[in-house]
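All ligand and atom numbering here is 1-based and tracks the order in the structure. Count residues from 1 along the sequence.
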Amino acid sequence: MVLEGLGRSLRDALKRIANASSIDEQLIKEVSKDIQRALLQSDVNVKLVLEMTREVERRALNEKPPAGMAAREHVIKIIYEELVKILGAQKTLPLAKQTIMMIGLYGQGKTTTTGKLARYFHKKGLKVGLIAADVHRPAAYDQLSQIGEKIGVPIFGDREEKNATVIVRAGMAHFSNMDVVIIDTSGRHALESDLIQEIKDVAEIAKPSERILVLDASTGQQAGPQAQAFHDAVGVTSVILTKMDGSAKGGGALSAVSRTKAPIVFIGVGEHLEDLDSFNPERFISRLLGMGDIQTLLEKAKETMTEAQALETTKKIMSGHFTLKEMYAQMEMLTNMGPLKKLLAMLPGMQGMTDKIDIEESQKRLAVFRVIMDSMTDEEMQDPKMIKSSRVIRIARGAGVDPRQVRDLLHQYNQSKKAVKGFMGNRKLRRQLMKQMESGGMGGGQ
Ligand SMILES: Nc1nc2c(ncn2[C@@H]2O[C@H](COP(=O)(O)OP(=O)(O)OP(=O)(O)O)[C@@H](O)[C@H]2O)c(=O)[nH]1
Ligand SMILES: [Mg+2]
């Protein structure tokens with residue numbers, strides 16, 4: 001998994017806090033050093049690391065924990081927030097008329113990502129046109145044509161033309177009635193002044209509202225200065241990190257993001273055109289830190305469901321709506337809701353399970369499931385059938401678990417789903433459960 005090493009070292013640092021008998025200045029300084037080491041080893045820019053850890057120390061030593069929050073939780077929260085800050089705010093590209101220019105170094109994934117974005121907008125029902133403005137690599141035009149053909153999106157280009165601005169000017173006119181026009185440009189080193197002039201000229205003509213920097217997650221320390229140079233040339237508005245399915249350190253990319261202040265909008269997670277995930281900084285950092293585990297560690301069930309939520313979930317399941325989300329909620333109820341056991345014992349797939357349940361084991365399992373589900377797309381959560389072996393591997397990597405554990409989750413889901421089906425066919429059982437819910441027989445006891 002990308003950033004796996006970083007995640008592990010950060011989690012170790014947080015565990016020190018969780019396990020400490022008390023939180024004092026010395027501990028905070030030590031943990032701050034641990035975080036520094038972890039970030040530096042992952043190629044995050046030195047200045048950025050020092051700024052971040054200085055801020056963690058300052059806040060941890062000066063801020064009072066809010067009411068009801070333990071000091072150790074507060075420090076963990078600060079570390080989490082400062083890491084999220086490095087990644088910037090959450091941003092999504094609007095589903096509206098716009099022109100997008102893709103820029104970046106050689107081979108980072110610009111052309112592939114152009115195709116992924118085109119597919120994304122096309123699937124959302126927008127009219128998309130692609131402009132092939134890479135005039136420097138001979139096969140560039142053909143590569144984009146093939147992509148356009150695959151997803152059914154028209155492309156504009158001219159294999160013979162050697163001037164990118166000529167193509168872009170004609171392309172913009174050609175696609176004037178399209179909703180989204182995406183311009184694929186050639187790879188360039190940010191220090192090649194003629195190539196930098198070329199993207200400035202292209203930007204001048206196309207006036208793209210989005211200038212997206214495409215950045216391979218494995219780019220190391222040089223990512224920062226490169227991003228800066230592109231930013232100086234055309235103003236980077238968003239970043240897409242590619243090859244997040246690989247085994248990159250990823251820290252260089254974090255530096256780049258911080259340097260341009262442009263948020264990451266998507267991450268590329270494979271070579272295929274559907275391998276594009278939207279990016280949420282908070283979720284990303286939570287996953288990196290294994291927040292699920294940490295919460296268990298702190299013995300704090302923040303997400304304990306209320307009875308109302310439990311009822312809601314139960315009703316949903318009974319109406320036949322059973323995706324991974326419902327299964328997770330169901331398991332969570334079992335783990336956290338003592339008084340509801342009786343009702344839950346009647347739920348499909350749960351018969352006879354409630355007595356045997358080992359809360360600690362189950363919470364551990366839930367934490368793993370949560371991390372795995374965080375690595376899934378919304379589509380996969382809704383329709384787990386689509387999770388075939390390549391997706392299993394991607395999800396396992398994303399979650400930093402063994403593919404076996406992903407299959408275990410899917411197996412559990414299939415079992416539960418089957419049970420739900422059987423249950424739906426059993427009117428007597430259903431009526432019984434309904435009656436119990438209505439009579440408010442949820443208070444436990446006999
Ligand atoms: N595994 C993986 N491979 C990717 C991803 N994005 C792109 N690639 C691969 O990276 C290689 C380069 O991708 P391109 O899209 O051609 O990169 P480019 O930036 O357009 O390259 P130039 O035009 O030569 O500068 C190809 O082999 C892609 O399949 C990704 O998210 N994951
Ligand atoms: Mg290309």
Note the single closest protein heavy atom to [atom], along with its residue, its atom name and the distance in Å.
{"atom": "atom 30 (C) of ligand 1", "value": "Gly270 O, 3.1 Å"}
{"atom": "atom 16 (O) of ligand 1", "value": "Gln143 NE2, 3.0 Å"}
{"atom": "atom 22 (P) of ligand 1", "value": "Gly107 N, 3.5 Å"}
{"atom": "atom 17 (O) of ligand 1", "value": "Gly109 N, 3.0 Å"}
{"atom": "atom 3 (N) of ligand 1", "value": "Glu271 CG, 3.3 Å"}
{"atom": "atom 4 (C) of ligand 1", "value": "Lys243 CG, 3.7 Å"}
{"atom": "atom 24 (O) of ligand 1", "value": "Arg137 NE, 3.0 Å"}
{"atom": "atom 32 (N) of ligand 1", "value": "Asp245 OD1, 2.9 Å"}

Under a 4.0 Å threshold between the charged nitrogen and the carboxylate oxygen, would [Y] count as salt-bridged to [X]?
{"X": "Glu192", "Y": "Arg188", "result": "no"}
{"X": "Glu271", "Y": "Lys243", "result": "no"}
{"X": "Asp408", "Y": "Arg365", "result": "yes"}
{"X": "Lys116", "Y": "Asp275", "result": "no"}
{"X": "Glu81", "Y": "Lys77", "result": "yes"}
{"X": "Glu51", "Y": "Lys47", "result": "yes"}

So, is [X] polar-close to ligand 1, with some N/O to N/O distance under 3.5 Å?
{"X": "Met244", "result": "no"}
{"X": "Thr113", "result": "no"}
{"X": "Thr112", "result": "yes"}
{"X": "Thr185", "result": "no"}
{"X": "Tyr106", "result": "no"}
{"X": "Lys110", "result": "yes"}
{"X": "Thr242", "result": "no"}
{"X": "Gln108", "result": "yes"}

Ligand-residue contact atoms, ligand 1 with [X], heavy atoms, under 4.0 Å:
{"X": "Asp134", "result": "23 (O)"}
{"X": "Gly187", "result": "25 (O)"}
{"X": "Gly268", "result": "31 (O)"}
{"X": "Thr111", "result": "15 (O), 18 (P), 20 (O), 23 (O)"}

For ligand 1, which part of Lys116 has a heavy atom less than 4.0 Å away: the side chain, the backbone, both, or neither? side chain

How does Val269 reach ligand 1, if at all, at less than 4.0 Å between non-hydrogen atoms: by side chain, backbone, both, or neither? backbone

Tell me if the CZ atom of Arg404 is crowded by more than 12 foreign heavy atoms within 6.0 Å. no

Regarding Thr114, does it place an N, O or S atom less than 2.8 Å from the Mg ion (ligand 2)? no

Ala140: heavy atom below 4.0 Å from ligand 1, yes or no? no

Does some non-hydrogen atom of the protein lie less than 4.0 angstrom from atom 27 (O) of ligand 1? no

Spacing of CG belonging to Leu6 relative to CG belonging to Leu83, to within rounding of 0.5 Å: 8.0 Å

Does any non-hydrogen side-chain atom of Ile183 lie less than 4.5 Å from one of Thr114? no

So Arg391 and Glu379, salt bridge (Lys or Arg N to Asp or Glu O under 4.0 Å) or not? Walk me through it. CA-CA 12 Å; Arg391 285 180 189 254; Glu379 273 178 318; 5.3 Å; no

